[in-house]
Amino acid sequence: MGQIQITLPDGSQRAYEAGVTSLEVAQSISEGLMRNVLAAKVDGEIWDATRPLKADCQLQLLTWNDANGQMAFWHSSAHLMAEAIEALYPGAKFAIGPPIENGFYYDIDFGDRSFSSDDLPKIEKKMKELAKQKNAYERIEMPKSEAVAYFEEKGDPYKLELLEDLADGSITFYKQGAFTDLCRGPHIPHTGFIKSVKLLNVAGAYWRGDENRQQLTRIYGITFPKEKELKEYLERLEEAKKRDHRKIGKEMELFTFSEKVGKGLPLWLPKGAVLRERLTEFMRKAQVRANYEPVVSPHIGGKELYVTSGHYAKYGEDSFQPINTPEEGEEFLLKPMNCPHHCEMYKAKPHSYKELPIRFAEFGTVYRYEQSGELHGLTRVRGFTQDDAHIFCRPDQVKEEFIAVIDLVMYVFETLGFHDYTAQISLRDPKKPEKYIGTDENWERAEAAIQEASAEKGLKTVVEYGEAAFYGPKLDFMVRDAIGRKWQLGTIQVDYSLPERFELEYVGSDNQKHRPVMIHRAPFGSLERFIAILIENTAGKFPLWLAPEQFAILPISDKYNDYAKEILSELKVEDIRGYLDDRSEKIGKKIRDAEIALVPYMLIIGEKEAEAGTISIRKKGEGDLGTKTVEEFIAFFKAIVKEELGTQKV
RNA sequence: GCCGAUGUAGCUCAGGGGUAGAGCGCUUCCUUGGUAAGGAAGAGGUCGUGGGUUCAAUUCCCAUCGUUGGCUCCA
């Protein structure tokens, strides 16, 4: 064997015997490094650190600090869990077990045995036991026939099905201890790296994501190289749960649900209604500046409206059932979208090209029969209000309009402190054309328009195929909630289809009839989901302009209640929201309660203030700010709100 | 819709085959206190709902509804 040249990330080159492993290279640098190497990046490919290097290459050693190192670690952990499960539940059949963003899972067929979260601790225990054995993850290349024979013998239909899609010559197995699995790898050197294990939950999952196929038991887990890291991770999870909008919404009395009203139908309590009103007002003003015109449409529409729009054919059966009139035999549907109504408004009169774009905006409440298992707090409901608008424009205006909408969405996100979002361009799934309505040509034009506009605004985007709406491609602004789930908030969608279906027209400069293009857009998406995410982002500590209770007046004793009432009415006249705490409690107690209720300003009133005609200001979380007159406080307060809302230019 | 979990006072939760408990909140009384919990007394629950087993069910079993972790879906 000859010498090979290995180039490290810092550019330095070292010579080794051909066949050296990455682990040995690490060892030659330092023992400590070797103990931390989980995998290696060899000429851009992720390899096992124990795999021999046979030719000159670029080598990067991957540790826990590298995302690819973590992936190998969790992937190996999934195999370790499978080994433990095979030992404890002989005959269990294994489907797939990949690493995920936080940890890993394995989908398992336990046959007739029922499996619950009570079974997890003993699997964890077994995993730790097996980890201590420091069994090496051994890579085995195998011809397809042999691989098929192995799983036929073992009786695992899932692995056999996976093998069908793999080409002979590319098949590898990994073996650690008593467990052997079909796997592309890479894996960590041995199980001893896995020091702490937590199996998080059990869930059902369909084989290959197909609800018509076998349902498997999915076990989620996470592992770390140090016990301390697991502890910190679990603490972070606990912290995140405290921000959950369902918990805060209940505590702050923002919204509630009622079985009698129906699941997925939120009831906005007074304090939550304030939030909605403030946000609605904020958006209304922004839209006035952006030349939108408010319109209003009813909550139901005739069946024909949705037959025309295509919604009926696509979703009629899954929707809330139609409302019928017994005398006339008419049929109405709860509106699942506002666009058909807006199309009819466009058609109320003929339009000249000079009028376009026309922008109809409506806070429209829509109803969609979401699957019961999918309902979730305010983020997934069956009745919700969109900050919807439809822009009817000429084809040559699409890009310009699209850019203006991106500006609006970014202004809204900026003002509300949403910095952590992903802009996702959702395009057609080229393999399933039957899922979509509209011509290929229109789809291609719309997809190009979105990509060009996003590029011009310098948005960092990710492209997802198959995520488009059935009527057109879209640009979605995605954010994460407290427990890490991704939700769509703002959305901008180009639609060449509805104008066609509703036969929308305008008269061009050539005096001929032309078809306008529609852009659907909703910067919040829905008020419900937006508020849910806002609650989680702020943990209930809303900016002053949004806080349901902006101040609490706290008299030192009952003697000052009358003076407190005067202050209260002076502030209410100024449209400042708050309440008077006139309980016979000590000031410490009143302050504590107001702090817990997340009231931004506490106005403390005692003998000194009553005599001087002032109020003492305390800011939540910060403490005493000194005394001011009511007039001074009002000016101070309004200056803060103005600052928060910014210059309001769009 | 599917798999798993769960449902006890307004809230957070404990309990468990012999018809229920804590803390907070609430009510009343005492206290009138200067920047994160003053004291005492009291009210409040057919233990989600419907069946079944049992002498006896809130507790065990079944069904159903809600909530919930995932999966599928998502105009």
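Convention: sequence-line order gives letters A, B, ...; per-chain numbering from 1.
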Closest-nucleotide 5' rank along RNA chain B - winner of A:Q386 and A:G209 | A:G209
Determine, for A:Y105 and A:R218, whether the Lys NZ or Arg CZ falls below 6.0 Å from the six-membered ring centre while staying within 45 degrees of the axis.
-> yes
For this output row, return yes or no: ring centroids of A:Y436 and A:Y471 closer than 6.0 angstrom.
-> no
Whole-Å C1' distance, B:rG45 and B:rU8 = 8 Å
Hey, does the side-chain of A:Y206 have a donor or acceptor N/O within less than 3.5 Å of a partner on the base of B:rG1?
-> yes
Does A:R485 place a side-chain N or O at less than 4.0 Å from the phosphate oxygens OP1/OP2 of B:rG70?
-> yes
Anything under 30° is parallel, anything over 60° is perpendicular, the rest tilted; go ahead and classify A:H390 against A:H342.
-> perpendicular
Hey, does the side chain of A:R113 come within less than 4.0 Å of B:rC3's phosphate (OP1/OP2), counting only N and O?
-> no
Do we get A:R382 above A:Y369's six-membered ring, with its NZ or CZ under 6.0 Å from the centre and within 45° of the axis?
-> yes
First encountered from the 5' end of RNA chain B, between A:A469 and A:A205 = A:A205
For RNA chain B, consecutive-pair runs of 3 or more (Watson-Crick or G-U wobble, both H-bond-type distances under 3.5 Å) give B:1-7 with B:65-71, B:10-13 with B:21-24, B:26-30 with B:38-42, B:48-52 with B:60-64
Interatomic distance, A:W487 CH2 vs B:rC73 C1' [rounded to whole Å] | 12 Å
Any A:T614 side-chain heavy atom under 4.5 Å of A:K628 side chain = no
Integer-rounded Å distance: B:rU68 P and A:K241 NZ | 14 Å
Provide, to the nearest angstrom, the distance between the CG atom belonging to A:L305 and the P atom belonging to B:rA75.
-> 18 Å
Using whole Å, report how far CE of A:M252 lies from C1' of B:rG25.
-> 17 Å
Given B:rU12, B:rG70, B:rU68, the nucleotide with the shortest approach to the side chain of A:R246 = B:rU68
Would you check if there is a donor-acceptor pair between the side chains of A:D388 and A:N338 at a distance under 3.5 Å?
-> yes
Annotated protein contacts, base or backbone, on nucleotides 29-38 of chain B with a non-hydrogen cut-off under 4.0 Å, one of B, S, - each = --BBBBBBBB
Do A:Y346 and A:F360 have ring centres separated by under 6.0 Å?
-> no
Atom-to-atom span, CD of A:Q488 to P of B:rC73 - whole angstrom | 16 Å
Residue A:E101 excluded, over 12 heavy atoms near CD under 6.0 Å = no
Can you check whether A:F530 and A:F384 have ring centres sitting under 6.0 Å from each other?
-> no
Under 4.0 angstrom between A:R213 side-chain N/O and B:rC71 OP1 or OP2 | no
B:rA41 versus B:rA36 - spacing of their P atoms, nearest Å | 28 Å
Can you tell me the distance, in whole Å, between the CD1 atom of A:I108 and the P atom of B:rC3?
-> 18 Å
Any side-chain N or O of A:H376 under 4.0 Å from OP1/OP2 of B:rG69?
-> yes
If the P atom of B:rU58 is compared with that of B:rU49, how far apart are they to the nearest Å?
-> 9 Å
Please state how far atom OH in A:Y220 lies from atom C1' in B:rG70, giving the value in whole angstrom units.
-> 5 Å
Which nucleotide in the list B:rG69, B:rC11, B:rC73 gets nearest to the side chain of A:Q371?
-> B:rC73
d(CD1, A:I222; P, B:rG70) in whole Å = 14 Å
Distance between C1' atoms of B:rG25 and B:rC13 (Å, rounded) | 14 Å
Between A:T217 and B:rC3, does any side-chain N or O lie under 4.0 Å from OP1 or OP2?
-> no
Is the shortest side-chain N to carboxylate O distance from A:E161 to A:R213 below 4.0 Å?
-> yes
